[in-house]
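Numbering starts at 1 and runs along the sequence shown. Worth knowing before you read on, the calculation uses all heavy atoms, side chains too, and leaves out hydrogens, waters and symmetry mates. Keep in mind the model is a prediction, meaning the values are calculated, not measured.
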Amino acid sequence: MDIGIPKEIKPHEYRVSATPGAVKALVLSGHRVFVESTAGVASGFPDSIYQEQGAVIVPNAAEAWNQPIVIKVKEPVEQEYAYLREDLLLFTYLHLAADRPLTEALLAAGTTGIAYETVQRVDGSLPLLTPMSEVAGRMAPQVGAYHLEKFLGGRGVLLGGVPGVQAGNVVILGGGVVGTNAAKIAIGLGAQVTILDISHDRLQYLDDIFGGRLQSLASNPANIAEAIQGADLLIGAVLVPGGRAPQLVTREMLKTMKPGCVIVDVAVDQGGCIESSHPTTHDDPTFVVDEVVHYGVTNMPGAVPHTSTTALSNQTLPYVLKLAGNQWSALRNDRDLQMGLNTYRGQLTYSAVGEALGIDTVAPSQALEHEGITV
Ligand SMILES: NC(=O)c1ccc[n+]([C@@H]2O[C@H](COP(=O)([O-])OP(=O)(O)OC[C@H]3O[C@@H](n4cnc5c(N)ncnc54)[C@H](O)[C@@H]3O)[C@@H](O)[C@H]2O)c1
C-alpha cells in the first residue's frame, strides 16, 4: 500500500504524522511511504533521515495527498479541501463536531475519514487522543502561568507564590488525561489546585493519586460557579467523546471571575467549555473578554514538536500498519478503528458529530455494507 505524509500547513503546526522510525516499520512491512519534502524538519527530522529509513521524498503536497492512504496530524484546512476525494482514506485528527465546513467537504468528496480522536478501545479509552492530551495538559499550567504575567494582561500572580505569600489558585474543569496532567504540573509549580469532574470514579482516582495536594469536587453548576470566582487560572479540559464540549462557564459567570485571571480552554478544539472562548492560533494566542485573558490554541502540542511528533507516532503506528495491511478488513476486524470512522462515501458515521451538527448519521456497519463488509 502507498501512504502519503503531507507537511502540516496550519499556522505554527510543526508536527509531522510519522517519525522516520515509523516510516521504517511501514517500509519493512512492504509499504511505500511518500513524505512531502521538509515535512519533518521542524520536528527535528530532515528529509535525509526519512530517505535513510526508506521513504520517498516528494517535492509538493499534491504528490503526498495523491496516495490512497494519507496520514496527517491536524484536520485539513480549507486550502487542503481540494485534495479530498472518494478513493482517499484519511487518518488524522478531524474534530468534526466543531467544524461544519470540513464535515461538509469530506461528505461532498466521499472521503473515508478516520478521526484519531474517536478511535476508542473497548474500555472507553481514546488511545490516539491520549498522547496529545498528555502534552496539552502539561502545557496548560505553563502557558497559563506565563499569561498571568502583568505585561501580558494577567493579574501579575506567580502561581507558586513565595514564602509568606499565597500561591495562585488553579481550577481545572475535567479530570481526564488533560486535567490530570495539568494538575501534575500545577501542583509541581506549587499552586493550589481544584479539579471538577462529573465522574465519581475519576474523582476517587484523582483523590487517591494526589491525596491532599489537590481538592476534588463534583462538577455541577453550583460548584463550578463558586470555584471559578477564586481562580487565578482556569483550565477547560472536559470531553464528551466526539461531541461538542458542554459550555460550563457562561458569559454571566465570567463576570464573577477576578480581573486579569487567565482561562486556558484546552477543550476549544471540541468547541470549548467556556462560552466566551473561541479558537486562536500560536501567532495570536489570547484575547480578553470582561478583563479575563482567554487562551484558545487548538493545536497546543504543535508548539513542542520534538516531544509531540514522537508521542503521536508511537501510538498511531500500530493502526497505520493495520490500515495499510488491508484497509477494509482492518475496519471490519478492529473495533477501535471502526469507532474512529467518521465519514464514509458521503455518509456521516459518528453519531455525536451528527448530533452536534444536525446531520443524519448511519452506523459504520451499515455504511460499510457498500464494501460487502459485515461488521
Ligand atoms: N487544544 C489542544 O491543543 C488540545 C490537545 C489535546 C486535547 N485537547 C482536548 O482536550 C479535551 C480533553 O481531552 P482529554 O483527553 O482529557 O479527555 P478525557 O476523556 O480523558 O477527559 C475528559 C474528562 O471530562 C470529564 N467531563 C465530561 N463532562 C464533564 C462536565 N460536565 N464537567 C466536568 N467534567 C466533565 C469526563 O468525565 C472526563 O474525565 C478534549 O476536548 C480534547 O480534544 C485539546
Checklist entry - Going only through I, L, V, M, F, W and Y residues with side-chain contacts under 4.5 Å, is there a path from Val249 to Val262? => result no

Checklist entry - Hey, quick one: are Leu248 and Val170 part of the same hydrophobic cluster, counting side-chain heavy atoms closer than 4.5 Å, chains of contacts allowed? => result no

Checklist entry - When hydrophobic residues are tied together by side-chain contacts of less than 4.5 Å, even through go-betweens, does Leu206 share a cluster with Ile187? => result yes

Next on the checklist: So does Ala145 get a backbone contact from the side chain of Glu149, meaning a donor-acceptor N/O pair under 3.5 Å?
Outcome noted: no

Item to check | Results of ring-ring contact (aromatic ring centres under 6.0 Å, His included) for Tyr14 - residues two or more places apart only | outcome: His12

Checklist entry - Is Ile359 close to Val353 at the side-chain level, that is, under 4.5 Å between some pair of heavy atoms? => result no

Checklist entry - Can Asp197 and Tyr205 be said to form a side chain to side chain contact (heavy atoms under 4.5 Å, CB included), step by step? => result CA-CA 11 Å; Asp197 203 292; Tyr205 168 79; over 6 Å; no

Item to check | Gap between atom CD1 of Ile114 and atom CD1 of Ile71 - 0.5 Å precision | outcome: 8.5 Å

Next on the checklist: To the closest 0.5 Å, what do you measure between CG (Leu254) and OG (Ser277)?
Outcome noted: 10.0 Å

Item to check | Thr130 backbone acceptor or donor facing Gln315 side chain under 3.5 Å | outcome: no

Item to check | Value rounded to 0.5 Å, distance of CD in Gln192 from CG in Asp232 | outcome: 10.5 Å

Next on the checklist: So does Leu106 get a backbone contact from the side chain of Thr343, meaning a donor-acceptor N/O pair under 3.5 Å?
Outcome noted: no

Next on the checklist: Check this for me, if you would: do Asp334 and Lys322 make a salt bridge, where the nitrogen-to-carboxylate-oxygen distance has to be below 4.0 angstrom?
Outcome noted: yes

Checklist entry - Quick one: are Pro6 and Val70 in side-chain contact, heavy atoms under 4.5 Å? => result yes

Checklist entry - Between Tyr93 and Thr298, is any pair of side-chain heavy atoms under 4.5 Å apart? => result no

Next on the checklist: Looking at every heavy atom in both Val238 and Pro246, which two are closest together, and how far apart are they?
Outcome noted: CG2-CD, 3.7 Å

Checklist entry - For Asp283, does the CG atom have more than 12 heavy-atom neighbours from other residues, nucleotides or ligands under 6.0 Å away? => result yes

Checklist outcome for this item: In short, Ala167 meets Ala191 closest at the heavy-atom pair CB-CA, 4.2 Å

Item to check | Connected via hydrophobic side-chain network under 4.5 Å: Val264 and Met253 | outcome: no

Next on the checklist: Could you see if Ile235 belongs to whatever hydrophobic cluster contains Leu214? Use Ile, Leu, Val, Met, Phe, Trp, Tyr and a side-chain cutoff under 4.5 Å.
Outcome noted: yes

Checklist entry - Between Ser133 and Val178, is there a donor-acceptor pair closer than 3.5 Å when you use the side chain of the first and the backbone of the second? => result no

Checklist entry - CZ/Arg244 to CG/Leu357 distance, rounded to the nearest 0.5 angstrom? => result 10.5 Å

Checklist entry - Between Pro46 and Val41, which heavy-atom pair has the shortest distance, and what is it? => result CA-CG2, 4.1 Å

Checklist outcome for this item: Given the options His147, Lys150, Lys258, Arg155 meets side chain to side chain contact (heavy atoms under 4.5 Å, CB included) only with Lys258

Item to check | Lys7 versus Thr38, closest heavy-atom pair with distance | outcome: NZ-OG1, 2.8 Å

Item to check | Close side-chain approach of Glu117 to Leu94, heavy-atom, < 4.5 Å | outcome: yes

Next on the checklist: Between Ile9 and Lys74, is the side chain to side chain contact (heavy atoms under 4.5 Å, CB included) condition met? List the steps.
Outcome noted: CA-CA 9 Å; Ile9 58 172; Lys74 288 310 285 182; over 6 Å; no

Checklist outcome for this item: d(Leu90 CG, Lys72 NZ) to nearest 0.5 Å is 7.5 Å

Checklist entry - To the nearest 0.5 Å, how far apart are CG in Asp2 and CZ in Arg32? => result 4.0 Å

Next on the checklist: Under the rule for ring-ring contact (aromatic ring centres under 6.0 Å, His included), what residues qualify as partners of His31, not counting sequence neighbours?
Outcome noted: none

Next on the checklist: Within a 6.0 Å radius of atom CD on Gln51, are there more than 12 heavy atoms belonging to other residues, nucleotides or ligands?
Outcome noted: yes

Checklist entry - In chain order, what residues pass the side chain to side chain contact (heavy atoms under 4.5 Å, CB included) check against Phe287, with sequence neighbours excluded? => result His278, Thr280, Val289, His294

Checklist entry - Leu196 and Ile224: side chain to side chain contact (heavy atoms under 4.5 Å, CB included), yes or no, with the steps? => result CA-CA 8 Å; Leu196 296 97; Ile224 294 172; 4.0 Å; yes

Item to check | Minimum heavy-atom distance between Pro141 and Arg138, given as atom pair plus value | outcome: CD-O, 3.6 Å

Checklist outcome for this item: Result for side chain to side chain contact (heavy atoms under 4.5 Å, CB included) between Tyr295 and one of Ile263, Thr286, Asp265, Leu233 points to Thr286

Next on the checklist: If we ignore hydrogens and angles and just use 3.5 Å, is the side chain of Asn223 paired with the main-chain N or O of Ser219 as donor and acceptor?
Outcome noted: no

Next on the checklist: Which residues pass the ring-ring contact (aromatic ring centres under 6.0 Å, His included) test with Phe91, not counting sequence neighbours?
Outcome noted: Tyr116

Checklist entry - Looking only at side chains, do Asp290 and Ser276 share a donor and an acceptor under 3.5 Å apart? => result no

Checklist entry - Quick one: are His282 and Pro11 in side-chain contact, heavy atoms under 4.5 Å? => result no

Next on the checklist: Is there a side-chain contact between Leu239 and Cys273 in this structure, where contact means two heavy atoms from C-beta onward sitting under 4.5 Å apart?
Outcome noted: no

Next on the checklist: What I'd like to find out is whether the side chain of Pro301 reaches to under 4.5 Å of the side chain of Arg15, using heavy atoms alone.
Outcome noted: yes

Checklist entry - Can you check whether Ile57's main-chain N or O pairs, donor with acceptor, with Ser37's side chain at less than 3.5 Å? => result no

Item to check | Main-chain N/O of Glu63 paired to Asn60 side chain as donor or acceptor, under 3.5 Å | outcome: yes

Item to check | Heavy-atom check, side chain of Tyr319 versus side chain of Pro127, under 4.5 Å | outcome: yes

Checklist entry - So, Ser125 side chain and Arg121 main chain: donor-acceptor pair closer than 3.5 Å or not? => result no

Next on the checklist: Taking atom CD as the centre, does Gln166 end up with more than 12 heavy-atom neighbours from other residues, nucleotides or ligands that are less than 6.0 angstrom away?
Outcome noted: no

Next on the checklist: Given 3.5 Å as the limit, does a donor-acceptor pair link the side chain of Glu80 with the main chain of Val77, or not?
Outcome noted: yes

Next on the checklist: I'd like to check the ring-ring contact (aromatic ring centres under 6.0 Å, His included) partners of His306; sequence neighbours left out, ordered by chain and number.
Outcome noted: none

Checklist entry - Do side-chain atoms of Tyr81 reach the backbone of Leu102 as a donor and acceptor pair under 3.5 angstrom? => result yes

Checklist entry - Considering all heavy atoms of both residues, which atom of Thr349 and which atom of Ala367 are nearest to each other, and what is their separation? => result CG2-CB, 3.6 Å

Item to check | Working for side chain to side chain contact (heavy atoms under 4.5 Å, CB included), residues Trp65 and Leu88 | outcome: CA-CA 9 Å; Trp65 274 96; Leu88 169 68; 4.0 Å; yes

Show me the side-chain donor-acceptor pairs of residues 19-26 shorter than 3.5 Å, one per line, residues at least two apart or across chains.
{"residue": "Thr19", "atom": "OG1", "partner": "Gly21", "partner atom": "N", "Å": "3.4"}
{"residue": "Thr19", "atom": "OG1", "partner": "Ala22", "partner atom": "N", "Å": "3.1"}

